[in-house]
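Take a look at the structure set out below.
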Amino acid sequence: MPIQPTSKIWHNGNLIPWESATIHVMSHVVHYGSSVFEGIRCYSQPQGAAVFRLPEHMQRLIDSAKIYRMALPYSLDELCAAVVDTIEANGVAPCYIRPIALRGYGEIGVNPKGSPIDIYIANYPWGKYVSGGDAADVCVSSWNRLAPNTMPALAKAGANYMNSQLIRMEADTNGYAEGIALDVNGYVSEGSGENVFIIRNGVLYTPPLSNSALSGITRDSVLTISRHLGLTVIEQTIPRELLYIADEVFFTGTAAEVSPIRSIDRVVIGDGKPGEITKRIADEFFGIANGLKPDKFGWLTPVKVGSQETVSA
Ligand SMILES: *Cc1c(COP(=O)(O)O)cnc(C)c1O
């Protein structure tokens with residue numbers, strides 16, 4: 001899906017024209033993948049528009065940067081305000097927001113300390129995916145997620161996405177919508193950019209972060225919603241074969257939201273339709289995000305956007 005440009009991009013404290021947000025080919029990030037980033041959604045609502053879990057996303061950006069020893073010269077509040085300013089300057093909702101901190105143009109040795117840190121925040125239109133749409137046919141990837149002593153899985157880092165690309169391309173080549181990767185010990189980890197949940201006998205399971213899964217904010221939202229619905233939720237190591245005999249399986253992520261899975265390696269999950277519990281969780285998730293249910297967990301940051309563009313997914 002090609003990006004639909006907006007008017008402004010936030011760069012180190014200033015809003016600059018979209019076309020001016022360029023970097024030099026000799027920037028450190030281009031050669032070594034030295035970036036950390038976020039993906040956030042802003043939903044349009046009957047009352048206006050709101051960003052979903054903005055402080056949690058920007059705190060994770062700060063955490064990802066800290067893991068890579070990148071000192072970001074802005075506070076959490078300043079970064080959140082920058083996101084709101086960018087959305088309001090562009091006046092587009094619903095939208096996707098992409099903050100990124102990268103090692104820029106300076107030195108080109110592996111040691112990144114001589115390269116400046118540049119922060120950009122872009123947003124662009126992105127419509128809603130319809131909840132409960134086509135459930136996905138996925139595979140278990142032949143690629144593993146990052147071993148814990150190689151690349152830190154808790155950092156949402158650009159370089160980690162080389163692994164994600166291998167998972168995604170393999171799935172695509174073989175006719176699947178997505179791949180579920182195992183960790184180096186053979187246990188279920190996550191998709192290329194989504195966390196995974198299974199339901200069996202009414203109980204919800206998801207791998208703990210120690211199985212090389214990212215601490216997804218949608219994952220956390222689903223854990224919170226599920227407990228609130230009175231479901232039993234267990235973060236537990238999941239063997240591959242439990243995927244095939246689950247009653248329901250779904251992905252979570254800012255992009256994926258709550259996405260049901262229909263089959264894994266051509267084994268049909270449950271009766272091949274989005275399951276009842278998945279639907280209850282998705283209803284609650286979309287109800288809050290779309291402003292149709294009370295924001296009982298305090299997840300929404302309102303933004304002022306003039307004319308609301310309606311964009312199809
Ligand atoms: C971003 C991401 C997710 C989903 O995280 P959310 O905070 O829910 O968007 C899951 N796995 C990986 C590898 C990711 O990069």
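What's counted below: heavy atoms across the whole structure, side chains too, no hydrogens, waters or symmetry copies. Since the structure is predicted, the reported quantities are computational estimates derived from the model, not experimental observations. We count ligands from 1, going down the list as the structure has it; atoms in each ligand are counted the same way.
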**Message:** Would you say the rings of Tyr161 and Phe37 are close, in the sense that their centroids are separated by under 6.0 Å?
**Reply:** yes

**Inter- and intrachain pairs under side chain to side chain donor-acceptor pair (under 3.5 Å), touching residues 174-188, at least two apart** = Arg168-Glu178, Glu178-Ser192, Asp183-Asn211

I'd like the atom pairs linking ligand 1 to the protein - N or O on both sides, separation under 3.5 Å - with distances to 0.1 Å.
residue, atom, partner, partner atom, Å
ligand 1, 7 (O), Arg60, NH1, 2.8
ligand 1, 7 (O), Arg60, NH2, 2.9
ligand 1, 7 (O), Ile217, N, 2.7
ligand 1, 8 (O), Ile217, N, 3.3
ligand 1, 8 (O), Thr218, N, 2.9
ligand 1, 8 (O), Thr218, OG1, 2.6
ligand 1, 9 (O), Thr254, N, 2.9
ligand 1, 9 (O), Thr254, OG1, 2.6
ligand 1, 11 (N), Glu190, OE1, 2.6
ligand 1, 15 (O), Lys156, NZ, 2.7
ligand 1, 15 (O), Tyr161, OH, 2.4

**Message:** Minimum heavy-atom separation for Ala213 and Asn195, please, with both atom names.
**Reply:** CB-ND2, 3.8 Å

**Prompt:** Can you find a pair of side-chain heavy atoms, one from Lys156 and one from Asn160, that are under 4.5 Å apart?
**Reply:** no

**Item:** SG on Cys42 to OH on Tyr96, rounded to 0.5 Å
**Value:** 13.5 Å

**Message:** Restricting to non-hydrogen atoms, name the atom on Cys139 and the atom on Ile264 that form the minimum distance, rounded to 0.1 Å.
**Reply:** C-CG2, 4.5 Å

